[in-house]
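Computed from heavy atoms alone, side chains included, the values below leave out hydrogens, waters and symmetry copies. Below, chain A is the first sequence line, B the second, and so on; all start at residue 1.
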Number of protein chains: 2
Amino acid sequence: MSTAVASPSAPGGESLSKAQIAYTWVRERIVSGDYAPGHRLVLSTLAAELDMSVVPVREAIRQLEAEGLANFERNVGARVAMIDEARYVESMEALGILEGAATAMALSSISEEDLAQAQDLNDQLRVTLEDFDPKTFTELNHRFHNVLTCRCPNERLIELVNAEWEKLGHLRESTFSFVPGRAAESVAEHQRILDLIENRATSAQVEAAVREHRSATLASYLAAHPNHP
Amino acid sequence: MSTAVASPSAPGGESLSKAQIAYTWVRERIVSGDYAPGHRLVLSTLAAELDMSVVPVREAIRQLEAEGLANFERNVGARVAMIDEARYVESMEALGILEGAATAMALSSISEEDLAQAQDLNDQLRVTLEDFDPKTFTELNHRFHNVLTCRCPNERLIELVNAEWEKLGHLRESTFSFVPGRAAESVAEHQRILDLIENRATSAQVEAAVREHRSATLASYLAAHPNHP
DNA sequence: TGATTCCAAATCGTATATCATTTTCTTACA
DNA sequence: TGTAAGAAAATGATATACGATTTGGAATCA
């Protein structure tokens, strides 16, 4: 029986292709940490588990590869992407740049409600600090940033932000897990960003603030991390 | 005979998989404009032309899809991605942001030689103005920007820059084809960027200059373009 | 004539089969 | 005992085959 997979011939709803089913299935396992980095993704095994042939599974894994969640080696096979320390840092940096720009561009479109929602999320984050749980903190943190960026009129930029965010996804919680003290600073910086927006700061100021916010997260992560190559 | 495709069992060299051969082959046709936007990519036809089965072709096209060069429609097939006006603008904007940041980060690593090479390329661009050819101008233009960004220590950022650049690739020449006057301005702005670098301007200044440079290109493109939805 | 239905061709999606490569295990030899 | 050669197993890469879906057109009817 394994996992209940949505019937491909689901009546009424639009049936997903097997390749798509395999994609979401495997992806879910990766982001949930079920398949740890380095875990081998054997086509025949996955195909058997999903009760389909290897062809759609292969396609799914290639798609995951394109997103950077898996690595394929010719004639050897695929495995869940390793979390190279250097790459993690670089992606965080890139995310800061993209997110900063997206937030700045969104400025004129951010409504009172958006701002209120962001404030609310940051308040929730503050509450979380007392009984800290990296998982929920990370979740709220994502939603906070998403509220600010999603109004960006440039959809491509939003795509890039999300892609980068997801690439970091399956290990992002580690930042706050490893450096619990960072969470409090993070909330404070969020507040500063919200204040800037509310006080009609220039887009350059907001962009810089968001970028620095991520740099700071990154710095504390690195400080707490003895580089282990 | 058709196109001479590198033998998969090329002796000595590392043989490419058929999927990779198909990928580069189709991609080449797209970026060269041989396959215009909207052109259908029929698996069986391509497979026949490449003398292989449809399986690797399919894989190649999915890869192209992931890069945004092709679009796949379920049970219908793939076609070369349409050049949506809005998407073009958004990608250009995103490229400006990424390139600006990459160039700024590269500042401390740009050597005298790099600067000289960039200067040389811009001089070549200036010469090209007299007997203008959009194709070579675009080529040189790319190399100019590449010299500045490639020293960026953040490889991920370079990846993103290149990905965005290539996404625009198959229609980038149009900017200078449609707005020939823009080329001269472009060269002047390049010169300003080089001057900033030479005079040890702050990274923020350089970043802004590069970003504005692309904004200006975009603006003149839009000005010369009656929006045709 | 125009719209509708139905059939056939085109093409994709997936399964199965075969070939190629890599890895691992065994075995023989120094 | 350690190493190297070779066979066997595992797995990926590709080919072929077949079923499913879409699309275009022919035939039918009002």
Side-chain angles (χ1 to χ4, degrees), chain A residues 2-3 5-27 29-30 35 38-66 69-81, chain B residues 2-3 5-27 29 35 38-66 69-82:
Chain A
S2 69
T3 332
V5 172
S7 152
S9 55
E14 319 74 33
S15 66
L16 294 169
S17 74
K18 296 206 176 187
Q20 288 172 302
I21 293 172
Y23 170 77
T24 49
W25 194 86
V26 175
R27 184 200 174 84
R29 305 262 159 149
I30 294 178
Y35 287 167
H39 183 104
R40 283 199 66 184
L41 300 169
V42 179
L43 297 181
S44 51
T45 307
L46 294 172
E49 285 193 74
L50 283 156
D51 189 37
M52 60 178 72
S53 85
V54 297
V55 182
V57 176
R58 182 185 173 83
E59 187 167 311
I61 292 185
R62 287 239 105 110
Q63 202 172 333
L64 290 168
E65 187 193 25
L69 276 87
N71 295 123
F72 228 95
E73 197 177 347
R74 176 98 188 275
N75 285 323
V76 173
R79 41 184 69 222
V80 178
Chain B
S2 68
T3 332
V5 171
S7 153
S9 54
E14 319 74 32
S15 65
L16 294 169
S17 75
K18 297 206 175 186
Q20 289 172 302
I21 293 171
Y23 170 77
T24 50
W25 195 86
V26 175
R27 183 199 175 84
R29 305 261 160 149
Y35 287 168
H39 184 106
R40 284 199 64 184
L41 300 170
V42 179
L43 297 181
S44 52
T45 307
L46 294 171
E49 283 193 75
L50 283 157
D51 190 36
M52 60 178 70
S53 85
V54 298
V55 182
V57 176
R58 182 186 172 84
E59 187 166 310
I61 292 184
R62 288 239 104 112
Q63 202 172 333
L64 290 168
E65 187 193 25
L69 275 88
N71 295 121
F72 227 95
E73 198 176 346
R74 177 98 187 273
N75 282 324
V76 173
R79 40 184 68 222
V80 178
M82 300 296 287

Per nearest nucleotide of DNA chain C, the residue lying toward the 5' end, A/Ala19 or A/Asn75, is A/Ala19

Closest contact, heavy atoms only, B/Asp51 versus B/Lys18: O-NZ, 4.3 Å

Starting at atom CD of B/Glu73, determine the distance to atom P of C/dA10, rounded to an integer number of angstrom. 20 Å

Output the rounded distance in Å from CZ (A/Arg79) to C1' (C/dT22). 13 Å

Of D/dT11, C/dT14, D/dT14, the nucleotide closest to the side chain of B/Pro56 is D/dT14

What is the distance, to the nearest angstrom, from the NZ atom on A/Lys18 to the P atom on D/dT21? 12 Å

Salt bridge or not for A/Arg58 and B/Glu59, using N-O below 4.0 Å? yes

Atom CZ of A/Arg74 to atom P of C/dA20: distance rounded to whole Å? 13 Å

Determine whether a donor-acceptor pair (N or O, by modelled atom type, separation under 3.5 Å) exists between the side chain of A/Thr24 and the backbone of A/Gln20. yes

Here the distance between atom P of D/dA17 and atom CZ of B/Arg58, to the nearest Å, is 19 Å

With rounding to the nearest 0.5 angstrom, report the CG to CH2 distance, A/Leu50 to A/Trp25. 5.0 Å

Rounded to whole Å, please give me the gap between CD1 in B/Ile21 and P in D/dA15. 10 Å

Shortest side-chain distance from A/Val42, nucleotide among C/dT16, D/dT16, D/dT11: D/dT11

Give A/Ile61 one of three labels, base, sugar-phosphate or nothing, depending on what nucleic acid heavy atoms sit under 4.0 Å from its own. nothing

Is B/Val76 touching bases, backbone alone, or none of the nucleic acid, heavy atoms closer than 4.0 Å? sugar-phosphate

Among C/dA15, D/dA13, D/dT16, the nucleotide that comes nearest once only the side chain of B/Ser17 is considered: D/dA13

Return whichever of A/Val54 or B/Leu41 has its heavy-atom-nearest nucleotide of DNA chain C closer to the 5' end. B/Leu41

Salt bridge or not for A/Glu65 and A/Arg62, using N-O below 4.0 Å? yes

Find the distance B/Glu59:CD to C/dG13:P and express it as a whole number of Å. 14 Å

Once you round it to whole Å, what is the distance between C1' of D/dT22 and CZ of B/Phe72? 14 Å

